[in-house]
Peer 1: 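Below is one structure. I have some questions about it.
By convention here, the first residue in the shown sequence is residue 1. FYI, side chains are in, hydrogens and waters are out, and symmetry mates aren't considered; it's all heavy atoms of this structure.
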Amino acid sequence: MKLQLSTIAQVLDTNLQGENCWIESVSTDSRSCGHGDLFVALKGEDFDGHDFIRQAQDKGVAGIVLSQDEGLNSTSDENLNNSSGEDLTHSSGEASVSILKVNDTLQALGKIAAYWHEQCESKTIAITGSVGKTTVKEMLAEMLSAKVKTCVTQGNFNNAIGLPLTLFKENIDDEVAVLELGANAPGEISQLCQISKPQVGIITQIASAHLSGFGTIKGVSKAKCELFEALDKDGIAIINIDSDCVSDMEQSASHCRKLTVSETNSKADIWAEDINLNDAGTRFTCCGLSGRFVVNLALAGRHNVMNALLALAGVNALGFDVKALSKNLEQMKDINGRMVRHRLATGTVIIDDSYNANPASVNAAIDYLSSKNERTILVLGDMAELGENTQQLHRQCGLYAKGNNINQLYTLGVLSEQASLVFGENSRHYREKSDLVKTLQSELKAETIILIKGSRSAKMEEVITELLRNNEKNTNEKNNEFSDSKEYH
């Protein structure tokens with residue numbers, strides 16, 4: 001899709017200085033912007049895009065959105081000059097690169113994205129929640145992309161910067177936009193909804209996450225429910241009635257249509273029966289609006305039953321054949337950092353669930369481990385952004401692991417030590433990753449499952465990478481020893 005800079009100027013309620021060019025893409029990164037792009041100079045705590053205007057101009061951008069307080073002849077002259085050292089304006093006063101000045105470049109980015117998205121006219125489904133939102137998003141994408149052209153949030157591009165960048169990838173022929181909305185403070189989901197204007201909303205689950213920003217579970221609930229409040233009367237709110245905060249969700253969706261989902265409660269519009277869990281994945285019968293049909297998931301873990309039900313409800317809400325599209329879940333690939341299995345030559349299974357962690361997702365991981373017959377080891381890094389109850393919540397996870405017969409608990413960091421203390425015997429705490437890895441190397445035995453989890457800040461994926469690297473090295477050395485020991489006659 002193309003937009004003229006004059007149109008963007010109208011959207012931003014500002015004047016266009018310079019040529020009225022067409023732009024096909026919007027960028028906030030001077031390293032990746034290209035010829036004909038619109039560069040938006042964002043300001044953050046640790047960066048200022050205005051420092052890179054010169055680089056963006058050298059890349060041939062068609063226009064630049066900058067803050068009102070960044071004059072073309074201000075103290076940022078060095079960065080506002082082009083590659084030849086000349087000012088961005090000609091002697092006539094006309095800009096050599098088109099300029100749009102605004103009060104807030106981040107707000108401008110959102111306004112442009114909202115207009116861009118509106119022109120595409122795609123059906124929009126938005127997903128938020130404390131846990132499971134990325135998995136639900138990927139399940140929706142797996143099913144819908146087999147039927148229609150779809151714009152999908154990539155990675156964790158789910159905030160005030162990431163959402164607009166996702167929408168700028170949307171094309172005029174896309175029929176559905178599947179958008180993940182993230183937040184760590186009140187009001188952020190509402191702002192994202194002003195940009196994306198979803199017709200269908202899903203709240204996966206409300207739990208103790210980002211409490212440093214939300215304060216309490218009630219605060220988390222109120223913030224997540226901003227999604228349902230943003231729907232119009234014809235919108236559809238998909239509600240997980242198994243959630244402790246179901247009353248908050250129902251109240252926030254009182255003005256619109258509702259579709260309820262439960263793992264086992266047949267009073268819901270969609271629920272599951274005959275749940276069967278195995279290492280290869282999950283099988284269950286989906287019951288409700290579309291009758292009864294068997295769903296085979298390529299993802300392990302009972303928590304993925306609810307994730308799948310929510311995604312199936314989303315497909316239904318968008319008006320597609322749920323039973324037909326559910327078949328695509330059988331081919332769904334592992335999602336990076338979320339219950340990814342690695343089987344070693346020793347017979348050990350390492351499960352990479354390192355993408356992120358909060359008490360709810362840790363408990364789900366413990367539930368998965370406790371269902372196994374092998375020796376189970378939970379490796380837990382610090383859980384971040386839990387506010388004033390951080391120590392208590394870590395202790396609760398340790399007690400939950402102990403109460404569910406996890407054989408061994410290893411913790412890493414500072415906060416997670418509380419989990420080890422309450423777990424007691426068969427637990428050890430580490431401050432250094434290298435020491436933890438050395439211990440885990442001795443645990444790589446047959447009939448053993450090691451699940452590794454922690455918040456992004458804990459970087460538990462580094463533990464997994466090191467274990468897999470050492471295992472590959474040891475395997476190669478043993479193979480070489482075997483090869484060298486052969487006798488030839």
Peer 1: Closest heavy-atom contact between Lys453 and Met460?
Peer 2: O-CG, 3.6 Å
Peer 1: Under 4.0 Å between a side-chain nitrogen and a carboxylate oxygen: does that hold for Asp232 and Lys197?
Peer 2: no
Peer 1: Rounded to the nearest 0.5 Å, how far apart are NZ of Lys133 and CD of Glu138?
Peer 2: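 Interatomic distance, Lys133 NZ to Glu138 CD, rounded to 0.5 Å: 13.0 Å.
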Peer 1: Side chains of Thr153 and Asn158: donor-acceptor distance under 3.5 Å anywhere?
Peer 2: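 No donor-acceptor contact under 3.5 Å links the two side chains.
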Peer 1: Judged by modelled atom types alone, do Asn356 and Arg456 share a side-chain donor-acceptor pair under 3.5 Å?
Peer 2: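 Distance-only check fails for Asn356 and Arg456.
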Peer 1: Measure the spacing between SG of Cys151 and CD of Glu170 and express it to the nearest 0.5 Å.
Peer 2: 4.5 Å
Peer 1: In Å and rounded to the nearest 0.5 Å, what is the NZ to CD distance from Lys327 to Glu142?
Peer 2: 14.5 Å
Peer 1: Between the side chain of Ser262 and the main-chain N/O of Thr264, is any donor-acceptor distance below 3.5 Å?
Peer 2: yes
Peer 1: Which distance, rounded to the nearest 0.5 Å, do you find between the OG1 of Thr282 and the CZ of Arg302?
Peer 2: 9.5 Å
Peer 1: Atom NZ in Lys258, atom CD in Glu250: separation rounded to 0.5 Å?
Peer 2: 7.5 Å
Peer 1: Using every non-hydrogen atom in the two residues, find where Val295 and Cys286 come nearest and quote the distance to one decimal.
Peer 2: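 For Val295 versus Cys286, the nearest heavy atoms are CG2-CB, 3.9 Å.
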Peer 1: For a 4.5 angstrom cut-off between non-hydrogen side-chain atoms, does Phe168 reach Ile112?
Peer 2: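 Counting from C-beta outward, Phe168 and Ile112 do come under 4.5 Å.
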Peer 1: Is there a side-chain contact between Ile203 and Ile206, using heavy atoms and a 4.5 Å cut-off?
Peer 2: yes
Peer 1: With a 4.5 Å cut-off on side-chain heavy atoms, are Val61 and Leu38 touching?
Peer 2: no
Peer 1: Compute whether any side-chain donor of one residue and acceptor of the other, for Glu175 and Thr150, lie under 3.5 angstrom apart.
Peer 2: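 Thr150 and Glu175 do not have a side-chain donor-acceptor pair below 3.5 Å.
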Peer 1: Ion pair present between Glu273 and Arg292, side-chain N to carboxylate O less than 4.0 angstrom?
Peer 2: yes
Peer 1: Salt bridge between Lys149 and Asp174, side-chain N to carboxylate O under 4.0 Å?
Peer 2: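 Between Asp174 and Lys149 there is no salt bridge, as every charged N stays at least 4.0 Å from the carboxylate O atoms.
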Peer 1: Would a 4.5 Å heavy-atom cut-off, applied to side chains only, mark Leu167 and Leu179 as touching?
Peer 2: yes
Peer 1: Any chance you could measure Leu12, atom CG, to Tyr115, atom OH, to the nearest 0.5 Å?
Peer 2: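 Those atoms lie 11.5 Å apart.
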Peer 1: Can you see whether Asp37 engages Ser27 through a side-chain donor-acceptor pair at a distance of less than 3.5 angstrom?
Peer 2: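 On atom types as modelled, these side chains do not qualify, holding no pair under 3.5 Å.
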Peer 1: Checking side-chain polar atoms at under 3.5 Å, does Ser361 have a donor or acceptor matched by the opposite partner on His303?
Peer 2: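 Looking only at side-chain atoms, His303 and Ser361 do not form any donor-acceptor pair under 3.5 Å.
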Peer 1: Does NZ belonging to Lys222 count more than 12 external heavy atoms closer than 6.0 Å?
Peer 2: no
